[in-house]
Amino acid sequence: MDEPTLPDGLRAWAGTSGPAAVLDAIRRRVSRGGGLESGSLSVSLTPEQRTQVARLLGTGWEVSNKAVTLRALGRALAEHGLTVRQFVELFDGRKLTVRREAQALKHIAAEEERRNSLRILRAVGIAEHVGDGWLAGPRAPRLGSGAAAEMARQIARVWPRLPWDGPGLRLAQLAAGATEDAHGLDYSTDLGRTVARLIAASTGLARPSRPGREWRAAWASAGVRCDTVSSRVLTLNVPLDFTAGHRRGAPTWLTLRDLLGPWRFDPVPARLFVCENPTIVEAAADELGPRCPPLVCTDGVPALAALDLIAGIDESRTEVRVRADIDPTGFMIVSAVQSAARRASLWRFDTATYATYFGIDVESGVNLVEARAAFGKDLHEEAVLPLLLSDLRDAADRLVAGN
């Protein structure tokens with residue numbers, strides 16, 4: 001017997017909004033375990049949609065105000081040699097499945113991928129409990145999608161090279177050899193974060209949750225050195241013991257390498273400001289010079305050097321005030337800084353500043369993310385530079401007054 005086919009006319013009919021709503025009701029019914037032999041479908045149709053459905057069920061049904069029944073639909077489709085189930089499956093190009101069956105299939109696929117991923121990891125020497133911990137973690141690939149097994153195969157290209165006990169090996173060098181991409185193991189990559197966390201879990205170290213000391217410690221435990229000179233942070237009047245010879249009032253770039261050895265604040269500042277853009281530092285240096293309170297600039301998304309310095313500031317109990325451009329990247333920057341300095345407060349990074357600048361009314365209780373999304377305009381730091389300089393000037397006066 002020939003396989004049934006879907007006539008072009010029926011396919012076109014099913015693509016209109018009324019019949020599409022009927023098909024959705026059929027899918028929901030089947031997913032809940034319901035049959036397709038009899039009963040009414042739970043579907044709400046507009047008058048126009050009802051007219052569309054009536055092209056198959058007839059004018060008599062349209063004027064009857066009756067519900068769409070499976071018997072009536074089945075009789076109409078039988079004239080085309082189809083059952084209700086065949087019609088929907090031919091239109092969808094796949095079988096209708098009961099939700100319980102679909103969930104069972106997903107569970108089977110997830111379990112199969114979990115076993116396959118662990119088998120790949122065990123083959124290169126990763127203990128099963130370590131692999132299991134990764135797969136059960138909050139940021140692991142979704143099992144059943146194929147992503148976990150693919151990540152396991154990528155890990156398997158890196159892991160046999162660890163731990164490294166030969167001449168000094170740089171992370172970018174390892175990445176180039178294992179992934180053919182010198183940045184393939186950067187913190188910004190899923191592979192880099194996953195391998196570092198597996199190293200930490202295998203050696204009992206703290207799980208790196210961000211680029212910084214724990215990230216470097218994990219790689220160092222495997223004999224791999226992270227880059228320390230390309231990561232840098234711009235500062236103005238930040239009193240560190242190793243910058244004592246630097247001229248106050250002059251912006252200074254520090255690299256991560258500068259911050260790797262022992263260092264301390266000399267003296268510990270009472271207050272420190274964090275911004276995103278170098279223009280703010282330049283303007284503060286021009287206007288306030290040596291009087292400017294300590295100022296750190298992330299120069300975009302904060303690098304490891306910026307996060308390490310800010311984390312050290314947080315440990316010193318210094319009051320940290322942070323801001324960035326009010327745009328999607330700025331929200332990420334402020335969040336990253338607050339992850340390093342958990343007590344940091346916001347510096348004119350608020351709804352009031354945003355609403356005042358654009359002259360808009362914002363309802364009470366609306367946060368900055370919501371206000372920016374509703375109004376749709378970015379507010380860059382340079383636009384409020386006079387306000388920021390005023391804040392820095394006031395802070396400098398308080399420092400002179402001893403407050």
Side-chain angles (χ1 to χ4, degrees), residues 110 113-143 145 147-165 169-172 174-175 178-179 181 183-228 231 256 259-260 298 301-315 332-344:
E113 184 173 10
R114 188 187 74 83
R115 289 196 300 268
N116 185 34
S117 299
L118 291 176
R119 184 166 56 250
I120 294 169
L121 297 180
R122 283 198 307 271
V124 294
I126 298 176
E128 183 157 346
H129 75 276
V130 172
D132 247 338
W134 163 55
L135 291 174
R139 297 182 180 178
R142 182 170 59 86
L143 289 170
S145 66
E150 174 56 29
M151 178 60 71
R153 286 188 284 271
Q154 293 182 40
I155 294 167
R157 293 199 291 269
V158 179
W159 201 264
R161 301 167 184 258
L162 302 174
W164 181 261
D165 57 4
L169 180 68
R170 303 286 177 183
L171 182 60
L174 171 65
T179 73
D181 179 358
H183 297 287
L185 294 172
D186 287 358
Y187 185 84
S188 60
T189 67
D190 289 336
L191 179 60
R193 293 191 299 272
T194 302
V195 173
R197 289 164 183 169
L198 288 172
I199 293 171
S202 299
T203 56
L205 293 174
R207 179 180 183 272
S209 58
R210 62 176 179 83
R213 300 171 187 177
E214 293 171 353
W215 165 262
R216 294 195 303 276
W219 285 110
S221 73
V224 180
R225 300 178 186 178
C226 295
D227 170 28
T228 60
S231 175
L256 181 59
L259 299 167
L260 286 182
T298 64
V301 176
L304 295 177
L307 293 175
D308 267 25
L309 178 60
I310 292 166
I313 290 168
D314 192 53
E315 292 167 3
M332 292 171 49
I333 291 168
V334 169
S335 177
V337 170
Q338 289 179 317
S339 74
R342 300 192 182 278
R343 292 183 295 275

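Just the heavy atoms: all of them, side chains too, but no hydrogens, waters or symmetry mates, feed the values below.
- When all heavy atoms of Ala178 and Arg157 are compared, the closest pair comes out as CB-O, 3.7 Å.
- When side chains are defined from C-beta on, Ile155 counts as touching Ile126, because their heavy atoms get closer than 4.5 Å.
- One finds the CG atom of Leu185 at 6.0 Å from the OG1 atom of Thr189 (value rounded to the nearest 0.5 Å).
- To the nearest 0.5 Å, the span separating CD on Glu128 from CZ on Arg119 amounts to 11.0 Å.
- Electrostatic pairing of Asp190 and Arg139 does not count as a salt bridge here, judged by no charged N lying under 4.0 Å from a carboxylate O.
- Within the structure, no pair that satisfies the ring-ring contact (aromatic ring centres under 6.0 Å, His included) test touches residues 119-142, not counting sequence neighbours.
- The closest donor-acceptor contact from the side chain of Ser231 to the backbone of Leu304 lies under 3.5 Å.
- Shown are Thr179, Asp181, Asp186; of these, the side-chain hydrogen bond (donor to acceptor under 3.5 Å, both in side chains) with His183 is made only by Asp186.
- Applying the side-chain hydrogen bond (donor to acceptor under 3.5 Å, both in side chains) test to every pair with at least one member in residues 200-209, sequence neighbours left out, gives no pairs at all.
- Within the model, atoms CD of Glu150 and CD1 of Ile120 stand 8.5 Å from one another, a figure rounded to the nearest 0.5 Å.
- Put simply, the side chain of Arg216 reaches to within 4.5 Å of the side chain of Asp308, judged on heavy atoms.
- Leu121 and Gly131 make their closest contact through CD1-CA, 4.0 Å (heavy atoms, listed as atom of the first residue, atom of the second, distance).
- Side-chain atoms of Glu214 do not come within 3.5 Å of backbone N or O of Leu205 as any donor-acceptor pair.
- Using a 4.5 Å cut-off on side-chain heavy atoms (C-beta onward), Leu118 and Leu135 make contact.
- Put simply, the side chain of Leu307 does not reach to within 4.5 Å of the side chain of Trp215, judged on heavy atoms.
- When all heavy atoms of Ala336 and Ser339 are compared, the pair lying nearest together is O-OG, 2.5 Å.
- Between the side chain of Arg225 and the backbone N or O of Leu169 there is no donor-acceptor pair closer than 3.5 Å.
- In plain terms, the two heavy atoms of Val195 and Trp159 that are nearest each other are O-CZ3, 4.1 Å.
- For Ala201, the side chain to side chain contact (heavy atoms under 4.5 Å, CB included) partners at least two apart in sequence or on another chain are Val130.
- Between the side chain of Arg122 and the backbone N or O of Ala127, no donor-acceptor pair lies under 3.5 Å.
- Residues Leu174 and Val158 share a closest heavy-atom pair of CD2-CG1, 4.3 Å.
- Between Leu143 and Ala148 the shortest heavy-atom distance is CD2-CB, 3.7 Å.
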